[in-house]
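In what follows, a structure is listed as structure tokens, so that the remarks can point back to it.
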Amino acid sequence: MRPVIIAANWKMHTTPADAGELATTLAARTAIEGVERVICPPFVCLAAVRDALAATPAGAGVGVGAQNVHHELSGAYTGEIGAPMLVGLATWVIVGHSERRRDAGETDELIGRKLGRALEAGLRPILCVGEQLAEREAGRAEAVVASQLRGSLAGFGGEPGALAEAGLVIAYEPVWAIGTGRTARGVDAAAMAEAIRSATGELGQGFAALADDLPVLYGGSVTAASAGEFLAEPAIDGALVGGASLKVEEMAGIVARAGLTAAGRRAAGVA
Ligand code: PGA
């Protein structure tokens, strides 16, 4: 019964002047039955994207997400954005992206606190996990990801049921595949998606129910050409798309392929 989700992570691209038009063009070109779409623009473009989507019928089915949120609700944190500020602007939020782990020193413990704040504000989190290349080559990919899940999910300070209720989504993004043009193999990503559900289920009481229906997306150099490799895998429920999400034709191709997955699940009675 898991949904098929395609999320666009625009990273530090677009401006309030051009984000709305890109969002509405993407919305119009990706209206495919059964695929949940989310656009995550920079903070300063959230209002433009929200307003542009609201102004066109095609925008109705597209969610808006932030790319980050602070681990406190408010306070003396210059330049930061707290979850309550996002209410009305976004309904989704990405937490724990590897670029923030790398550039902002985010730890699993901190990411767990961000999850807590996101839930308190009613935001639907996309939690990113993924190993470095050396860790995969050393055969430690699943252990690293399990440890990231343990550190952030077990430590988020709330009930596992609240994560399920909020619709938690995991994005498996091998760090070596992000923005490099190099992707994981579909079978490896699918094995990791299953490992993510098992590791989540083993986190303790209450987590098994969360794990069963936990949507797991793949991210890392997904394009229209590579999307099929991942979306053909029953364990994978969609994609978190970076670079290609700024290109209308690429996104049209990715969401069209996701539509095939959604239709297949419907036909098989699993979605
Ligand atoms: P990419 O980024 O598609 O450009 O590799 C994915 C991501 O970082 O979410």
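Since the model is a prediction, treat every value here as computed from it, not as a measurement. Values below: all heavy atoms of this structure, side chains included; hydrogens, waters and symmetry mates excluded. Read the numbers this way: they start at 1 and go in the same order the structure lists the ligands and their atoms.
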Which pair of heavy atoms, one from Ile254 and one from Ala227, lies closest together, and at what distance?
-> CG1-CB, 4.1 Å

Aromatic rings His70 and Tyr77: how do their planes relate, parallel, tilted or perpendicular, breaks at 30° and 60°?
-> tilted

Short side-chain donor-acceptor distance under 3.5 Å, Thr25 and Arg29 = no

Test item: Trp10 side-chain N/O and Ser245 main-chain N/O as donor-acceptor pair under 3.5 Å | yes

Per-residue contact class, Asn9 against ligand 1 - non-hydrogen pairs under 4.0 Å | side chain

Ligand 1 contact by Ala244, heavy-atom criterion under 4.0 angstrom | no

State, without any angle test, whether Trp176 and Glu131 hold a side-chain donor-acceptor pair at a distance under 3.5 Å.
-> yes

Using distance alone, decide if ligand 1 has a nitrogen or oxygen within less than 3.5 Å of any nitrogen or oxygen in Thr180.
-> no

Quick one: does Cys128 get within less than 4.0 Å of ligand 1, heavy atoms only?
-> no

Under 4.0 Å from any heavy atom of Gly220, which atoms of ligand 1 are there?
-> 5 (O)

Which of Arg101, Arg113, Arg100 passes salt bridge (charged side-chain N to carboxylate O under 4.0 Å, His left out) with Glu106? It is Arg100

Within-cut-off N or O pair, Gly242 and ligand 1, under 3.5 Å = yes

What atoms of ligand 1 come within less than 4.0 Å of a heavy atom belonging to Gly243?
-> 1 (P), 3 (O), 4 (O)

Proximal ligand 1 atoms for Ser221, defined as those under 4.0 Å from one of its heavy atoms | 1 (P), 3 (O), 5 (O)

Please confirm whether the backbone N or O of Thr30 pairs with a side-chain atom of Arg37, one donor and one acceptor, at under 3.5 Å?
-> yes

N or O pair under 3.5 Å between Gly179 and ligand 1 | yes

